[in-house]
Amino acid sequence: MKDIYEDFDRAVCLRGEGRAKKETQWLKVVYGFNEPQLPNNVSSPNFSRIFATNTTAFELLVLKRKIMGPCWLQIKNPQVDNKGVSCTRTIVNHRENIREIVCATARIWSNIDIDDPTPPEALPCTVRTFVRPLDRFPPNFEVRASGNGKGLISPMKNERMLLNSLLVTIHRADPDVIVGHEFLGVSLDVLLHRMRELKADHWSRIGRFRRSRWPPIGRQGTNLRFLSGRLLGDLASDGAKDMITSTTWSLTEMCKTHLKSDRQDIDPDDTASYFDGGVSSPERLLTFVRHCELDAHYQMALAAKVQILPLTRQLTNLAGNSWNKTLNGGRAERNEYILLHEFHRLKYVCPDKLWGKKSAVAAKAENEDGDAEGGKTTKGKRDKYKGGLVFEPKRGLWDKYILVMDFNSLYPSIIQEYNIDFTTVESVEVDADGEEKIPEPPSSEVPQGVLPRLIATLVNRRRQVKSLMKDKKATPAQLLQWDIKQMALKLTANSMYGCLGFEYSRFYARPLAALTTFKGREILTHTRELAESMQLDVVYGDTDSVFVNSNVTELAEALKISAEFKKAVNDRYKLLEIDLDGIFQRLLLLQKKKYAAVKVEDGSRTSTEVKGLDMKRREYCVLSKTVSQYVLEQILSGEATEAVVERIHEYLTTIGEDVRGGKIKLDEFIIFKRLGKNPEDYPDAKSQPHVQVALRMKARGLTARAGDVIPYVFCIGEGGETAKTAQADRAKHPDEVRRSSDELKIDYEHYLAHQILPPIERLCEPIEGTDRARLAECLGLDPNRYRSAAESEERYFGTLDSLMSDAERFKDAEPFLVRCRSCRGQVAFAPISDRESSLLLPSGPACPACQSALGTASLQVQLETQIRGHIAKYYESWTVCDDPTCGNRTRMMGVYGRRCLRQGCRGTVAFEYSDATLYNQLRFYLSLFDAEKAVKTSTGSKADEVKALVDLQGDFLRTMAATAEKYLNQSGRRWVQLSTLFSFMKM
DNA sequence: GCCTGGAGCGC
DNA sequence: GTCTAAACAGGCGCTCCAGGC
């Protein structure tokens, strides 16, 4: 080995385990890439540890030269001239199960400026399509092709000539960027295999790197190297999927949602029929060619629409990695590079890239697992840490203004606020149970760490860009560019946290990630407590947000409350900031992470926001989503319950009829499901509909790989309705159904029972006046089958509850204590039917001690004060350990779930004052003023007495009952168990 | 009936 | 005229469904 002495660096070894371990001197040795690579675990008497033996040339170049993203490099003799963007499209045919190329379109834009917002259709481009016959061209095809309008159509004799001509075209255009859809995984794969098979001339011209020998054609992403020197923008790559909102990322869907264009789908099995040379007219083949031409356009138009090139360039400039990786890869590498640049600049030695089977950290974790508890095999999944806090939602339909308050960029802000960094946080201890503790944030004297400073820089730059955008004189092009820039800055700052917890990251630092989320939970808990202390009701919250019930119907008032709350929260932090994210006029809160709301837009406009509901998921068909949409609109309409319920029932009846009557199009029945692995790798392939469909697709020569979204439709089994064909077997690809011409029939009953009913049922759960059986009946399903266990169970509980005596039910409730203003005495308010002890006389409430009259207003205030006391107690969130030997009582939230925090204790903790206790207490108060109940529970001569009293003091009782009711209405439990409540009321 | 694991969302 | 090898990969929380015992 040729050692070249260079210099000594002051360096810190980062181990990715919290605080950097050693600050010491290292010897830097530089040697060429022509030397063999040293193993990274060698040592000798002269040195104990060696780093960076496997650093790639790319990494070294980029770090040493401080190259931040795409730029021109002068290397000896620069040869940069041609600028162009091209877009190729191949349609693939299969014959004897080998996919061949029959048609390829190249659409070439020259001298495009990627920052120019002009859409590609408004820019000049050349179109050239190469097409070859399967057997022979239809008559007149060549003549008609030469007269084609804009696009040049070049009929080719065979596939090899087609490939050669395509390669010449690519070579001449020498594109910097190739845009495609599923290009890397499908088109390129076929192109490479066919070029190799047919020995195409100058095959390496597909890229800019001259080769004569074929390297192995790898799988999926590895083939990017064939395009060396060109960028690939693949609309279906992981990188692009992050940027494009879509459920399937099929070209047709994206054209519809992003370009508002209806793309015609061609069934791949029909391809051959377009090439039939025996027909009399060339029209069909021309249609096919034009389809290819148009697809090439769509791909480019989509890329421009979602601004994939400018955005990825900005991201790459920030991170200093390779643009192609930003375009086609995930986020981890960007993060790695931004930190590599930063630490390299500060003369740190960074952790080596560990590739291969297992990273050292993961292997270590596995060993510990084995040692600690023999039987516990946490296969595959490593020890995790806790994430964001999600409040138990107060379910139901809310119709006062709900303020959605959320922290801006919570995690990046926490990292700054608490100076969380590799260099500042002390490494963690492992407690007696072998569990990692959450580290402490550094004290305020510790200088700012690398990560917090990096994030601060990103945030500040974003602020600057946003202020530029306020300039009235800015052109639309400038605005767009700045918007992309601020977006890139935000994305970069926000993705820093994620990679701290990513176990294969070179900067993996689980304790830092755990500390960040711990602070997040703490902050959210405090925020809720603050709201409660301001008499505000928090209805829900998730990670960085609280949904506050303003309890007002005036927008201006709601805004005032929001401003006050915002100020109160923000006063508590240096740079952490909460803000009003939106105002809901109505909110249907169904589950954690599942709700729908009518959102107030500026002025009087409103929009509907749906989160997490079935209708947002791809495995529900369009029909199901449409029905959900209608039902939701009704529920959120704000109209009377009876009218809403009636309309829903009516609508469902028509839907049931329409479905059975065959009035709904096939497209509306398509269900989508993603393949988690390659279809062959499923152990239970038989029971998975989408896997069955995928396997059949592959048998037909189509592609279906891990990550692909598979469309299918449930059909009736071949042997008729009664056939016991497995569910999965009856799933068919939409093209199979279309082709079958009536042989395959859609299983309408299955759709009504499994796709339509369950989502509707969940939407209607908090709505009175309907239930599962009733909804099923409307759809024409047998209601008896849907009188669910859950429902009867609920009734069972309802009955139990109503049979329970008041004495039993309220045995733990605290009495309503009434204080007399005259004699200062205090007495419990007894049930009014208890004529001996009740302080309510026919003349009105009076003090039993001094006989002075008690004012209604005074009693009302006293009741309200006591109710608020209970609510406050509930929100204090004291938890108690269930282990009697421990008895730990705390308000601290455990980091590892509900484990008791006291060292060595194995108990679990529960809320001391539960929501059930609070609910029962409120019900108790209400029961004290329930006239009807008082009459019913009285017997004999007393009944008349009580009846007379109730008549005379009706106003008083109603006022007091309303006071209790007001709070009960806010209680989440009431919405869940309306039936229980009503059985009690009507008893 | 319980438990477990994917999907696919939310943040 | 050549041109290592190997090459995936943000986090956790939550609901719902299906399958296994």
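Chain identifiers are assigned alphabetically (A, B, ...) following the order of the sequence lines, protein sequences preceding nucleic acid strands; residue numbering begins at 1 within each chain. These numbers were taken from a predicted model, which means no experiment stands behind them.
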So what does [X] touch, heavy atoms closer than 4.0 Å: a base, only the sugar-phosphate, or nothing?
| X | value |
| --- | --- |
| A/Phe209 | nothing |
| A/Glu619 | sugar-phosphate |
| A/Gly501 | sugar-phosphate |
| A/Arg211 | nothing |
| A/Ser505 | nothing |
| A/Ala513 | nothing |
| A/Tyr595 | sugar-phosphate |

Evaluate the ring planes of A/Trp214 and A/Phe226, with Trp represented by its six-membered ring, and classify them as parallel (under 30°), tilted (30 to 60°) or perpendicular (over 60°).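 A/Trp214 vs A/Phe226 ring planes: tilted.
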Measure the distance from [atom1] on [X] to [atom2] on [N] and round it to the nearest whole Å.
| X | N | atom1 | atom2 | value |
| --- | --- | --- | --- | --- |
| A/Ile578 | B/dC11 | CD1 | C1' | 14 Å |
| A/Tyr540 | B/dG10 | OH | P | 10 Å |
| A/Asp681 | B/dG6 | CG | P | 13 Å |
| A/Lys241 | B/dC9 | NZ | C1' | 16 Å |
| A/Tyr508 | C/dC12 | OH | C1' | 12 Å |
| A/Glu333 | C/dC8 | CD | P | 9 Å |

Distance-only side-chain donor-acceptor flag, A/Ser624 / A/Asp614, under 3.5 Å: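 The criterion, which ignores hydrogens and geometry beyond distance, is not satisfied for A/Asp614 and A/Ser624.
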Would A/Glu336 and A/Ser505 count as having a side-chain donor-acceptor pair, cut-off 3.5 Å? no
Taking the C1' atom of each, how far is B/dG10 from C/dG10, in whole Å? 16 Å
Ignoring the backbone of [X], work out which of [options] is nearest its side chain.
| X | options | result |
| --- | --- | --- |
| A/Ser212 | C/dT2, B/dG8, C/dC12 | C/dT2 |
| A/Thr222 | C/dA7, B/dG10, C/dT2 | C/dA7 |
| A/Arg213 | B/dG10, C/dT2, C/dG10 | C/dT2 |

Should the pair A/Lys519-A/Glu522 be classified as a salt bridge under the 4.0 Å nitrogen-to-oxygen rule? yes
Check ion pair A/Lys686-A/Asp729 (N to O, under 4.0 angstrom):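 The answer is no: the pair does not qualify as a salt bridge.
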Letter per nucleotide, 5' to 3', of nucleotides 14-21 of chain C [B base touched, S only sugar-phosphate touched, - untouched; heavy atoms, 4.0 Å]: SSSS-S--
A/Phe547/A/Tyr595 aromatic ring centres below 6.0 Å: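 So the answer is yes for these two rings.
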Just how far is it from atom CZ of A/Phe502 to atom CZ of A/Phe507, taken to the nearest 0.5 Å?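 Answer for the CZ-CZ pair, A/Phe502 versus A/Phe507, is 13.5 Å.
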Taking OP1 and OP2 of [N], is either one under 4.0 Å from a side-chain nitrogen or oxygen of [X]?
| X | N | value |
| --- | --- | --- |
| A/Thr543 | C/dG13 | no |
| A/Tyr682 | B/dG5 | no |
| A/Arg225 | C/dA7 | no |
| A/Arg331 | C/dG11 | no |

Residue pair A/Arg395, A/Glu392: steps toward the salt bridge (charged side-chain N to carboxylate O under 4.0 Å, His left out) verdict: CA-CA 9 Å; A/Arg395 294 171 176 82; A/Glu392 196 58 49; 3.2 Å; yes
Determine, answering yes or no, if A/Tyr504 is stacked on C/dA9 under the 5.5 Å centre rule and the 30° plane rule.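 Stacked: centres under 5.5 Å apart, planes under 30°.
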